[in-house]
Amino acid sequence: MNKLDTILVTSLLKEAGFALTDSVTDADVVLINTCSVRGHAEDRVISNLGHLKHIKKNKPQLTVAVIGCMAQRLGEQLLKHPAVDIVCGPAQLPQIADLIMQTIREKKKTLAVTEKIRQKVTSEQSQALEEFESIYDTEEQHLPGQAFVRAMHGCNNFCSYCVVPYVRGPEVSRPPQIIIEQIKRLAGRGIKLITLLGQTVNSYKYVNGEKTYCLAELLEMASDIDGIEWIRFVTSYPSEEFFDRICRAMADLPKVCKYLHIPAQSGSDKILLAMNRNYTSAQYLNLLDRARDIVPGISIAGDFIVGFSGETEQDFAATVNLVKKARYKNCFIFKYSPRPGTTADKRLEDNIPADVKKQRNIELLAVQEKISAELSTEFLGKTVKVLIEGLSKKPHLNTADGNKSPQLIARTADDRIVVFNGPAEMTGRFADVKITKTSPLTLFGELA
Ligand code: 5AD
Ligand code: SF4
């Protein structure tokens with residue numbers, strides 16, 4: 001979601017006549033797009049601001065804007081920072097060029113955030129956001145041939161640990177026709193892979209008179225667009241609503257990637273209740289069973305939080321157990337970070353010591369790594385279709401061959417990383433790769 005916002009802000013500023021530079025010292029304006037989901041992400045912003053404060057001593061005309069979730073969360077407080085000139089929340093991003101011009105002209109600090117974040121989005125606001133959304137410049141795309149498309153904004157779930165509902169506001173699904181038109185335009189500019197985004201993208205729901213559109217319909221409509229070859233969606237919430245329909249769409253529509261990112265967060269029912277997740281570990285595993293029944297060969301990924309308030313050794317053992325049963329392709333594991341304003345922060349003590357959180361993180365990663373390694377091995381000798389992302393940053397293998405062609409990094413439809421030697425010109429194109437070696441998170445091979 002943040003990557004998409006960065007692309008959109010960059011596109012908007014370019015359209016408004018700004019030019020980009022990679023170097024902070026060359027810049028007249030610096031923007032920091034921020035995330036509030038864990039304390040660590042915010043700490044890094046504060047440390048960057050310290051650096052900018054230093055630069056500003058010799059360059060007082062430098063304008064610094066903090067945009068995104070942290071801007072919305074801290075508002076006025078962030079504006080007090082000596083390095084900060086503009087604080088702009090996610091809903092105000094469409095105004096960012098005007099805010100910069102105004103700040104430079106009036107030589108005073110500017111605050112633009114939503115006052116009552118849980119209030120219904122006004123029609124002017126959604127109109128502005130829709131226009132903002134449509135300025136996607138394919139040159140600013142994160143990877144060649146690929147684009148993100150927001151299906152929905154915000155979240156209504158209020159998981160007790162999570163800051164998102166307080167910074168991104170209430171859940172709003174974008175009109176399907178507008179999304180489809182946007183994907184058609186992207187396809188016209190050579191985009192092959194679309195990733196539909198939403199905090200809980202599987203709860204996408206748009207009512208138009210008699211008709212209700214859910215994610216399954218959106219996937220169907222997007223599948224009809226010529227030029228688009230793969231469609232992914234992230235992130236899914238483990239809920240019953242629409243679940244089987246979405247899985248069937250995945251099974252029936254060849255362009256829809258057989259990949260489901262569906263965070264469990266914990267395997268302990270006690271902790272899931274404290275997290276306000278509205279499901280038990282058995283219900284969660286039942287969803288995975290159904291997904292695997294309906295979509296043979298599906299890859300499933302998850303997220304976990306370790307060291308949540310009150311998590312005992314027994315609770316953690318339940319999480320390890322769930323990870324073993326779920327057999328994820330991979331999972332993302334985070335140490336619990338209390339977020340100001342959330343129910344967990346207000347009502348529960350952050351009582352798991354940092355070293356215990358760290359230990360549990362390492363242990364759970366090791367359990368998952370073994371599973372990922374086993375699943376990867378199944379690809380040995382097989383040929384997979386991949387979309388090439390570009391040059392691989394790390395040298396991996398086949399370095400002897402590397403003299404002739406560089407190492408490329410690519411992904412399969414179900415989000416597996418594949419590394420092989422090939423011409424750099426293949427970036428943004430599809431290829432077939434025969435897998436010759438595997439590691440837990442990477443498949444290695446040669447062009448078939
Ligand atoms: N502390 C740690 N991890 C968190 N996540 C969300 N909020 C927190 C928090 N307060 C994790 C969840 C979510 C992912 C995006 O970040 O696992 O799925
Ligand atoms: Fe946060 Fe829960 Fe919403 Fe995900 S579903 S964004 S974890 S509140």
Side-chain angles (χ1 to χ4, degrees), residues 1-5 34-44 68-70 72-73 90 117-118 150-173 195 197-205 215 233-243 260-268 271-279 284 287 300-311 316 319 322-323 326 328 330-352 354 356-358 360-361 364-365 368:
M1 203 60 99
N2 281 30
K3 280 187 188 172
L4 171 59
D5 285 339
T34 60
C35 172
S36 284
V37 94
R38 283 171 293 276
H40 179 62
E42 292 199 344
D43 295 344
R44 281 170 49 203
C69 292
M70 195 176 167
Q72 177 60 42
R73 192 179 85 70
I117 190 73
R118 294 302 303 173
R150 204 174 334 245
M152 57 200 289
H153 300 266
C155 185
N156 288 347
N157 275 18
F158 290 97
C159 302
S160 66
Y161 53 80
C162 183
V163 78
V164 170
Y166 306 93
V167 286
R168 292 254 174 197
E171 190 177 299
V172 184
S173 291
T195 304
L197 298 182
Q199 306 294 346
T200 61
V201 70
N202 55 329
S203 59
Y204 174 87
K205 191 179 192 166
L215 182 67
F233 57 90
V234 285
T235 284
S236 296
Y237 186 85
S239 84
E240 286 291 332
E241 199 185 19
F242 309 131
F243 189 82
L260 191 64
H261 177 236
I262 185 162
Q265 312 298 2
S266 170
S268 150
I271 296 294
L272 287 170
L273 188 66
M275 287 177 162
N276 192 28
R277 291 289 287 183
N278 287 307
Y279 53 83
Y284 176 85
L287 289 176
I300 300 179
D303 286 3
F304 285 89
I305 297 175
V306 292
F308 185 68
S309 310
E311 186 188 71
F316 177 65
T319 297
L322 177 77
V323 167
Y328 296 106
N330 67 303
C331 56
F332 303 97
I333 303 166
F334 307 103
K335 295 179 286 235
Y336 173 55
S337 162
R339 305 311 299 136
T342 59
T343 11
D345 186 54
K346 283 189 220 158
R347 303 204 187 135
L348 305 169
E349 194 192 342
D350 176 25
N351 56 3
I352 307 303
V356 176
K357 286 181 183 171
K358 190 173 167 198
R360 288 179 186 171
N361 192 341
L364 198 57
L365 266 177
Q368 178 55 44

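First listed ligand is number 1; within each ligand, the first listed atom is number 1.
The aromatic rings of Y328 and Y284 are tilted relative to each other, their planes meeting at an angle between 30° and 60°.
Proximity of Y166 to S36: side-chain heavy atoms (C-beta onward) are nowhere separated by under 4.5 Å. Side-chain contact between E349 and S309 is absent, with no heavy-atom pair separated by less than 4.5 Å. A heavy-atom distance below 4.5 Å is not found between the side chains of P165 and Q199. Contact annotation: the side chain of T235 never approaches that of V201 to less than 4.5 Å [non-hydrogen atoms, C-beta and beyond]. Between L215 and F242, the closest side-chain pair of non-hydrogen atoms is not below 4.5 Å. Contact annotation: the side chain of Q265 never approaches that of P238 to less than 4.5 Å [non-hydrogen atoms, C-beta and beyond].
Residue side and main chain included, C155 places no N/O/S atom under 2.8 Å of atom 1 (Fe) of ligand 2.
Here the protein heavy atom with the shortest distance to atom 15 (C) of ligand 1 is D303 OD2, 3.8 Å. The closest protein non-hydrogen atom to atom 7 (N) of ligand 1 is Y161 CD1, 3.3 Å. Protein heavy atom in closest approach to atom 8 (S) of ligand 2: C159 N, 3.4 Å. Remark: minimum distance from atom 1 (Fe) of ligand 2 to any protein heavy atom is reached at C162 SG, 2.3 Å. The nearest protein atom to atom 7 (S) of ligand 2, hydrogens excluded, is given as Y161 OH, 3.3 Å; this is a heavy-atom distance. For atom 5 (N) of ligand 1, the closest heavy atom belonging to the protein is R38 NH1, 3.6 Å. Considering only non-hydrogen protein atoms, atom 2 (C) of ligand 1 sits nearest to K335 O, 3.3 Å. Looking only at heavy atoms of the protein, atom 10 (N) of ligand 1 is closest to S337 O, 2.7 Å.
Between K335 and D350, none of the side-chain N atoms (NZ, or NE/NH1/NH2) sits under 4.0 Å from a carboxylate O, so this pair counts as no salt bridge.
If you look at Q265 next to ligand 1, the close heavy atoms, those under 4.0 Å, all belong to the side chain. Contacts between V37 and ligand 1 below 4.0 angstrom, taking non-hydrogen atoms only, involve backbone and side chain alike. The proximity of F334 to ligand 1, defined as any non-hydrogen pair under 4.0 Å, is limited to the side chain.
The P165 neighbourhood of ligand 2 comprises atoms 8 (S), with distances under 4.0 Å to a heavy atom of that residue. Listed by number with element, the atoms of ligand 2 under 4.0 angstrom from any heavy atom of F158 are 8 (S). Heavy-atom proximity to Y237, at under 4.0 Å, picks out these atoms of ligand 2: 5 (S). For ligand 2 and T200, the ligand atoms under 4.0 Å from any heavy atom of the residue are 5 (S).
E42 and T34 share no side-chain donor-acceptor pair at under 3.5 Å. Judged by distance alone, the side chains of R38 and Y161 never bring a donor and an acceptor atom under 3.5 Å apart.
Closest non-hydrogen pair, R168 versus C69, comes out as NE-SG, 3.4 Å.
In this structure, R277 counts as a contact residue of ligand 2, since one of its heavy atoms falls inside 4.0 Å of the ligand.
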